[in-house]
Each structure stands twice: as C-alpha cells, then as structure tokens.
There are 2 protein chains.
Amino acid sequence: MSIRVVVVDDQALVRGGFAMVLGHQDDIEVVAEAGNGLEAIEAARTHRPDVILMDIRMPEMDGLEATARIVDEANWPVRVLIVTTFDPDEYVYKALRAGASGFVLKDIPPEDLVAAVRTMADGGALLSPSITRRLIGRFAERLAVDTAVSHRLERLTDREREVLASIARGSSNAEISDELFIGAATVKSHVSNVLTKLGLRDRAQAVVFAYESGLVEAGDHDIGH
Amino acid sequence: MSIRVVVVDDQALVRGGFAMVLGHQDDIEVVAEAGNGLEAIEAARTHRPDVILMDIRMPEMDGLEATARIVDEANWPVRVLIVTTFDPDEYVYKALRAGASGFVLKDIPPEDLVAAVRTMADGGALLSPSITRRLIGRFAERLAVDTAVSHRLERLTDREREVLASIARGSSNAEISDELFIGAATVKSHVSNVLTKLGLRDRAQAVVFAYESGLVEAGDHDIGH
DNA sequence: TCCGGTCTCCGCCTCACGGGGGAGGACCCC
DNA sequence: GGGGTCCTCCCCCGTGAGGCGGAGACCGGA
C-alpha cells in the first residue's frame, strides 16, 4: 500500500518538480495534481488521498480555504502539508487553524520533503525548523512570564490562592463561599488579603492577574452556556 | 568548523551509541560526554559546545535542571536537544521552559538524529513528529475555541468591544472614561450592554470572557509594577 | 510558654457597580 | 419622512464589594 498524494500548486513547474521527486519513491504515488483550491477540493473528493501537498497563494481559491473545506468534509484520514515560499506567522496559524498537519517551506531539500510526506502519512505532524522554533518561542515566552510573575503568587497562602482561582472563574463572593464551604465573611477576608498582597484594586484586576500569571490559562474551563 | 557536541546520558552504552553515530559525521565532533546533570554543567563550561544532547532521567541532577542552569549561565549560543525515552507532555513543556531548543525520542533513526543536531547548530528548533503534533493540537484547539466564542463577540458594537477590552485590562469605569474620552455615564451604558449581550454578571466575568474568547491573550500587556 | 502565621468569622462603613428607564443627536437606508 | 442602529448622556436605586478593626482557634517553632 503506497502513500497516495495529491500535489496542489498553481505553478505547473513546481507541481511537476514535487510530483517527480515523490513519484520516484517506491512507497509514494502521486494520484493527482491541482492548480488551485477548487481543483484541489475536486481532486480530494475523487481520489481520497492520504496526503495533500498544498500551496497557499493560488488563483480562484487559496490553499488555506481549500484546506479548511477539505478537512471539514473529509470522512477519511486525509492530512494536509502546507508547502509555501512565505512563512509569516499568520499563515502558519491560519494553516493550523484550517486543519493542516504540517507546514514546510519550498526550499526544503527533496529528501526531507519525502520524509515529511511519510511522517504525515503515519499520522505525525511536521513544521519547518524555523517555524517550530517560533512555536517553541511562543511557549517558552509564556512559560517564562509564568515563572516571573508566579513569585508574587508565592506570597499568598494556600487558601488565598484557592480564593483567587475562584475569582478567576468569575465567581462572586457568595459563590466562592459555597465552593469552598466557608462563610461569606471569611471569603471577604481572603479576597481583601489577596488584593492587598498582590497590589490589585478589585476582583476584575485579580482575574487579569490570574490569567497573566498563568494561574489559570485560557481554555482551562468553559465560559457561558 | 565542525559542530561541537556534548553527549549527556547516564547509560554509557547509550552515550557511546550516540557519540559513535555523531562522531562518524565529517561536520560533527563529540568533544565530551557526561553521565549526569552536574557533569553536564561542568562539561558545558569547559568545552563550550554548540549542541548538547541531554537525557532527562539521570542521577545527581536531571537533564531539565541541568539544561536550565546551562542555558542560564551560558554566554555563547549553546543549544540543548533533549533526547529521552519518555514523552509525557509535562516533560516537553518543562524542557522548553528550561530553555531546550529541541525534544526527540530515543527511537529516532540515526540519520534523523544527525539531521537534528545540524538543525540545532543552525539555530533551528526541532520536536519529534508526535510531539509537534500535540503542540499543533494545542494551538488548533485554542484557535477553534477562539472562533467558536468570537461569534458572540460579533454581537457587540465596535465601541462595546473597546470598552470590553478596557475592562479586560482591569480598568474601572472612571479609567475607561478617561481612556476613551467619554463620560462616566456613557461608560456605564456600554458596560451594561456588554454584560447583557454576553450574558455575564459583572466585569470580573467579562475579564474571564475576554481571555477565554481570545479578545486578549495572556502576555498582551504587563501587570503590576 | 509565648509568639507568629493561618483560617475562620463578626460588625460597620463607604462607594463603585450594575439595572431600569429615558432621551437627544448623528448616521444610514428604504 | 420614518425606522433603525449607534453613541452619547442623564437620574434613581439597590446591593455587592472592599477597607478597617477586632476576635477566637489551631498549630508549629523559638
């Protein structure tokens, strides 16, 4: 069972180059090529490939939009590898958001591209080193901020941190009282202490602090209904 | 100029294997080996390598602690590649937090390890495909949440979104009034509308919403002084 | 033994906050 | 012209929130 690939790029030359490199591999078969997003969707429907090499800048419909639609409607495990000349952050995030599983630059060595396709077919994900670096950078940055600010968190007692966590969920004093099984007056004491120790004015600022300090993280809990 | 590498692992056999694979490359030179974190720090100081292959689980001092100290005190561009048998999330994040630039599993094919070392030396970063995938997953997840909740944001007028953004910075009504050059009464109107439209109770919950919806992101602005 | 920290709780006081309801002006579209 | 939305501003009113001071109980260390 070879890996079935569709190559999407508006430049026939580039498309041909990729197809040739991949086609020469025993375990890879280029089943179709497409010159824009619409053709890509059509090709995906018809051939149900394992992997799609997708350019971003194309006429008619760009690769991001096409990726989103293909991933959305596909009922088989298709994986999209974005292959582009440009690498601005926005493209990467949009691509990942659209459902792409990989993102590499066109200057990638042929053997690496082949390896990338195999990785994708195996269910893995892959980013260009420079892009991976930025992703890591983002994470490391956030974590660094976390550690820096968490010093102030240490000044709080365990109970006060619990109260702060409740505040950060949007709880009122009465709700915190229920959540922690303590009296309303006690909650007020704790809240006052938290605000004083952290140099904050009100619970809204406490929520900001909780998020910025990493005590809670966006996505930790649901909002609304 | 060959790439100078230090290999750190408590198992001599593993260490030897890595050293042999890397040593056979023309452009890579293994300048030292270490059996635990303390030795790693010492070796890093002495040899000032370009890349350090670092195991995590080791006696005396583990690889994460050693990585943190080395990266912290190094005044040359050293890059640490974590090479481990285990891949739980926590390790990855701790490693990146400690300052590692890469994270791969020990079952990596030799040629890939060599490529990884070269990537690191070039200033790139690298994660195992499975780990990259999870990183991407996290991002995609967050972005998905972003889009889902941002629908509700669209119900707000431009001015109301501005007010919400101010609330999310921890501003009081009076401060928002100054920031937006509008009267205090106007601010109250906007705040009321925001809360009503979003189904929230008070400004604290509005802050939570702002973070969870992606309107603001942790790290967007400073907190405290 | 006493001291300090923590957790618990009680008043009292002030006020910013938020709800309700209303109103005028600017703009746009039919 | 009329209807719609948005931004602006006003008053009244109730209450949750936060500051301040005090207090009893527990526990661990000096």
Side-chain angles (χ1 to χ4, degrees), chain A residues 150-213 215-216 221 223-225, chain B residues 150-213 215-216 221 223-225:
Chain A
S150 62
H151 289 332
R152 280 209 256 161
L153 270 179
E154 289 166 16
R155 313 188 82 92
L156 299 183
T157 67
D158 290 342
R159 206 55 165 164
E160 286 162 354
R161 262 191 296 274
E162 286 184 74
V163 171
L164 177 55
S166 283
I167 293 176
R169 280 193 294 273
S171 298
S172 66
N173 286 346
E175 285 166 348
I176 296 174
S177 158
D178 288 342
E179 291 167 17
L180 301 183
F181 306 107
I182 54 180
T186 310
V187 176
K188 295 189 71 172
S189 288
H190 289 315
V191 172
S192 275
N193 289 334
V194 168
L195 296 179
T196 304
K197 286 187 180 177
L198 298 179
L200 306 172
R201 181 180 47 206
D202 52 35
R203 61 203 306 107
Q205 290 193 342
V207 176
V208 175
F209 180 91
Y211 275 93
E212 295 292 335
S213 72
L215 180 70
V216 296
H221 50 87
I223 55 176
H225 350 270
Chain B
S150 62
H151 289 332
R152 278 208 259 163
L153 268 180
E154 288 166 14
R155 312 189 80 91
L156 300 183
T157 67
D158 291 343
R159 206 52 165 166
E160 286 162 354
R161 262 191 296 275
E162 286 184 75
V163 170
L164 177 55
S166 284
I167 292 176
R169 280 193 295 273
S171 298
S172 66
N173 286 346
E175 285 165 348
I176 297 174
S177 157
D178 288 343
E179 292 167 17
L180 301 183
F181 305 107
I182 54 180
T186 310
V187 175
K188 293 190 70 174
S189 289
H190 289 315
V191 172
S192 273
N193 288 334
V194 169
L195 296 179
T196 303
K197 285 187 180 178
L198 298 179
L200 305 172
R201 182 179 47 205
D202 52 35
R203 60 203 307 106
Q205 289 193 342
V207 176
V208 175
F209 181 91
Y211 275 93
E212 296 292 336
S213 72
L215 180 71
V216 295
H221 50 88
I223 53 175
H225 350 270

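Values below: every heavy atom of this structure, side chains too, minus hydrogens, waters and symmetry copies. Convention: sequence-line order gives letters A, B, ...; per-chain numbering from 1.
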Any idea which heavy atoms bring B/Ile176 and B/Ser166 closest together, and the distance?
-> CG1-CB, 3.6 Å
Just wondering, do A/Ile182 and A/His190 contact through their side chains at under 4.5 Å, heavy atoms?
-> yes
Please report, rounded to the nearest Å, how far the C1' atom of D/dC6 is from the CD atom of B/Glu162.
-> 13 Å
Can you tell if the side chain of B/Arg159 reaches within under 4.5 Å of the side chain of B/Asn193, non-hydrogen atoms only?
-> no
Proximity to the side chain of B/Thr186 - top-ranked nucleotide from D/dC7, C/dC9, D/dC9 = D/dC9
For residues 176-194 of chain B, which residue pairs qualify under salt bridge (charged side-chain N to carboxylate O under 4.0 Å, His left out), counting only residues two or more places apart or in two chains?
-> B/Arg169-B/Glu179
Taking every heavy atom of B/Ala210 against every heavy atom of B/Ala168, the minimum-distance pair comes out as CB-CB, 3.5 Å
Compare all side-chain heavy atoms of A/Leu164 with those of A/Leu198 and state whether any distance is below 4.5 angstrom.
-> yes
What integer distance in Å separates A/Arg159:CZ from C/dC9:P?
-> 9 Å
Any donor-acceptor pair under 3.5 Å from B/Arg203 side chain to B/Val191 backbone | no
B/Asp158 atom CG is separated from D/dT5 atom C1', nearest whole Å, by 12 Å
Nucleotide D/dC7, atom C1' - distance to CD1 of B/Ile176 in whole Å = 16 Å
How long is the line joining CD1 of A/Ile182 and P of C/dT6, in whole Å?
-> 16 Å
Compare all side-chain heavy atoms of A/Glu160 with those of A/Val163 and state whether any distance is below 4.5 angstrom.
-> no
About how many Å separate CG of A/Leu200 and CD1 of A/Ile167, when rounded to the nearest 0.5 Å?
-> 9.0 Å
Given atom NZ of A/Lys197 and atom C1' of C/dT6, what is their separation to the nearest angstrom?
-> 9 Å
Through what angle, rounded to 10 degrees, does the axis of the helix from C/dT1-D/dA30 to C/dC30-D/dG1 turn between its ends, using five pairs per end?
-> 30°
Report yes if a side-chain nitrogen or oxygen of A/His190 is closer than 4.0 Å to either non-bridging phosphate oxygen (OP1 or OP2) of C/dT6; otherwise report no.
-> no
Write down the distance between CD1 (B/Ile167) and C1' (C/dC17), rounded to a whole number of angstrom.
-> 11 Å
Scoring nucleotides 13-26 of chain D by protein non-hydrogen atoms under 4.0 Å (B base, S sugar-phosphate only, - none) yields ----BBB-------
